[in-house]
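Below, chain A is the first sequence line, B the second, and so on; all start at residue 1.
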Protein chains: 2
Amino acid sequence: MTRKRTIKLTRFEIEIMDALWDLSSASIREIHEKLPEKKRPAYTTVQTIIRRLEEKGAVRQTKQIGNAHIFEPALTREAAHRRLIDELLDLFGGSARPLMAHLAEAGKLSLEDVRELEIMLAQKGIEESSEGESQSSKGAKARRSGKA
Amino acid sequence: MTRKRTIKLTRFEIEIMDALWDLSSASIREIHEKLPEKKRPAYTTVQTIIRRLEEKGAVRQTKQIGNAHIFEPALTREAAHRRLIDELLDLFGGSARPLMAHLAEAGKLSLEDVRELEIMLAQKGIEESSEGESQSSKGAKARRSGKA
DNA sequence: GACTGCCAACTACAATTGTAGTAGGGTTGA
DNA sequence: TCAACCCTACTACAATTGTAGTTGGCAGTC
């Protein structure tokens, strides 16, 4: 276990990562320019964040063009999203149910969304049962034992 | 619009609120004792958080018993949860789809969960159409205009 | 070879968050 | 009445986060 699983990103850091995920590999300038003008911070601010992200192990510097460093994500958007979701789920007591209910309640979820999801799940269920792999609901709490 | 909608809670604050939501009304000592022993901070720490929560308008002091103050939540758990979800959704680009997909993918969501949800949504759909109210997916971005 | 820009590295600083100590006042049981 | 408690109010401080300035180097360019 490389302990990389504990990379925690702040909201702002995620926005930077978003740019980088989109670009897949970029210089600080490119990242900076990719940020929406409205909320575009100073170039050096981005630089600072990238440095911190590097320290956290979320991005890595791959090469150098001229004297500019080129960075790329060291963790996938999916992994980051999963992290975020897990965290939220934790706050919700570990179960996705209330979360779903809220989404539905707030109209963020349409009936079609759910139907499609259902199909997807059914599909997944089939695949899984054909490899004797049951991972349904043990991940949720197996995780809570890190830093006491 | 009373602008109370912008109460932002940190993770720790939410844990305190959780205790208070459960108790519905309590003194600092009660809240403190309600926290799980493992992660129970000093009494004064809770006190500090409560004070901050009060400043943020998330709890309010209702009465006094002896010289002890009794607090109660000034926002519902649901509202707080909604806030959290909205925030996460924002990070996901405003759509609940990827979020759902992730949950399913991670096995946090069972087929039954989804089936039940579907029923719920269908129900809701019926109710709504009988009041000519369509709010399906415009809430997501209509919201983004607070502090630029 | 000196000038102009772009870049990275370092430093700075305010706000927020987690965490708790201390002082002093009210409450109460003896 | 007074000592023992409990509670609040105030203060403190380190870590994290958002935000950016300053310095000095390398790279073309005239």
Side-chain angles (χ1 to χ4, degrees), chain A residues 6-20 25-72 80 83-84 87 91 146-148, chain B residues 6-20 25-71 80 84 87 91 146-148:
Chain A
T6 24
I7 296 179
K8 180 172 189 162
L9 305 175
T10 67
R11 196 191 177 74
F12 185 30
E13 285 170 341
I14 288 175
E15 277 173 43
I16 300 286
M17 286 300 286
D18 257 329
L20 188 52
S25 168
S27 67
I28 293 185
R29 175 128 332 246
E30 287 170 299
I31 294 171
H32 181 235
E33 263 151 28
K34 176 97 186 178
L35 298 178
E37 294 177 62
K38 301 81 197 305
K39 49 165 77 174
R40 193 178 292 162
Y43 176 87
T44 46
T45 301
V46 176
Q47 218 189 337
T48 302
I49 301 298
I50 294 284
R51 184 165 48 66
R52 287 180 188 165
L53 284 170
E54 209 181 351
E55 273 158 22
K56 288 186 179 184
V59 309
R60 88 171 68 86
Q61 187 190 324
T62 49
K63 51 182 180 171
Q64 188 145 355
I65 290 181
N67 61 348
H69 294 169
I70 303 297
F71 299 88
E72 65 176 34
R83 170 64 146 96
L84 249 14
E87 206 160 307
L91 253 11
K147 33 75 175 287
Chain B
T6 24
I7 296 179
K8 179 172 191 161
L9 305 175
T10 68
R11 197 193 174 73
F12 185 31
E13 285 170 343
I14 288 175
E15 278 174 43
I16 300 287
M17 286 300 286
D18 256 329
L20 188 53
S25 166
S27 67
I28 292 185
R29 176 132 326 252
E30 287 170 297
I31 294 172
H32 181 235
E33 263 150 27
K34 176 97 188 180
L35 298 178
E37 293 176 63
K38 301 78 195 305
K39 50 165 77 174
R40 192 179 293 161
Y43 176 87
T44 45
T45 301
V46 176
Q47 217 190 338
T48 302
I49 300 298
I50 294 284
R51 186 166 45 68
R52 288 180 187 166
L53 283 170
E54 211 181 350
E55 274 158 21
K56 288 185 180 186
V59 309
R60 86 171 69 87
Q61 188 190 324
T62 47
K63 52 181 179 170
Q64 189 145 355
I65 290 182
N67 60 350
H69 295 169
I70 303 297
F71 299 88
L84 249 14
E87 206 161 307
L91 253 13
K147 35 76 175 286

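- Nearest to the side chain of B:Thr44, among D:dT19, D:dA9, D:dG21, sits D:dA9.
- In this structure, A:Phe71 places its CZ atom 9 Å from C1' of C:dA8, rounding to the nearest Å.
- Residue A:Lys56 places at least one side-chain N or O under 4.0 Å from the OP1 or OP2 atom of D:dT17.
- Within 4.0 Å (heavy atoms only), B:Ser27 reaches no atom of the nucleic acid at all.
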I would like to know whether B:Glu55 and B:Arg51 meet salt bridge (Lys or Arg N to Asp or Glu O under 4.0 Å); could you show each step before the answer? CA-CA 6 Å; B:Glu55 274 158 21; B:Arg51 186 166 45 68; 3.5 Å; yes
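- The distance between atom CZ of A:Arg11 and atom P of D:dG18, rounded to the nearest whole Å, is 10 Å.
- Nearer to the 5' terminus of DNA chain C, by closest-nucleotide assignment, is the contact made by A:Ile70 (compared with the other of A:Arg51 and A:Ile70).
- Each of A:Gly66 and B:Gln64 lies near DNA chain D, and the nucleotide nearest B:Gln64 is the one positioned closer to the 5' end.
- Computed from coordinates, the A:Leu35 CG to D:dA20 P distance equals 12 Å when rounded to whole Å.
- Counting atom types as modelled, B:Gln47 pairs no side-chain N or O with a base atom of C:dA20 as donor and acceptor under 3.5 Å.
- Summarising the geometry, the separation between CD1 on B:Ile49 and P on D:dA12 is reported as 18 Å, rounded to the nearest angstrom.
- Looking at heavy-atom distances under 4.0 Å, A:Arg29 makes contact with sugar-phosphate atoms alone, never a base.
- A:His69 places its NE2 atom 6 Å from the P atom of C:dA8, with the value rounded to the nearest Å.
- Rounded to the nearest 0.5 Å, atoms NZ (B:Lys8) and CG (B:Leu84) are 10.0 Å apart.
- Minimum interatomic distance between A:Arg83 and A:Thr6 (heavy atoms only, all atoms of both residues): NH2-O, 3.8 Å.
- When each of B:Ile14, B:Leu20, B:Ile16 is checked for a side-chain contact (heavy atoms from CB on, under 4.5 Å) with B:Asp18, only B:Ile14 meets the rule.
- Considering only side-chain atoms of A:Ile28, the nucleotide from D:dT19, C:dA8, D:dA20 that sits closest is C:dA8.
- Of the candidates D:dT19, D:dT22, D:dC7, the closest approach to any side-chain atom of B:Ala68 belongs to D:dC7.
- B:Tyr43 comes within contact range of at least one nucleobase, with a heavy-atom separation under 4.0 Å.
- Considering only the side chain of B:Asn67, C:dT27 comes nearest among D:dA20, C:dT19, C:dT27.
- One can find a donor-acceptor pair under 3.5 Å joining the base of C:dG18 and the side-chain atoms of B:Arg52.
- Comparing C:dA8, D:dG25, C:dT19 against the side chain of B:Phe12 picks out C:dT19 as the nearest.
- In this structure, B:Leu9 CG and A:Leu91 CG are separated by 9.5 Å, a value rounded to the nearest 0.5 Å.
- Atom CD1 of B:Ile50 sits about 12.5 Å away from atom OG1 of B:Thr44, to the nearest 0.5 Å.
- In this entry the distance linking CD1 of A:Ile14 with C1' of D:dG18 reads 15 Å, nearest Å.
- A:Thr10 comes within 4.0 angstrom of the backbone, heavy atoms only, and of no base.
- Dashed line: the shortest gap from a side-chain N or O of A:Thr45 to OP1 or OP2 of D:dA20 is under 4.0 Å.
- Protein atom CD of A:Glu55 is 12 Å distant from nucleotide atom P of D:dT17, rounded to whole Å.
- Atom pair B:Ile31:CD1 and D:dT8:C1' shows a separation of 14 Å (rounding to whole Å applied).
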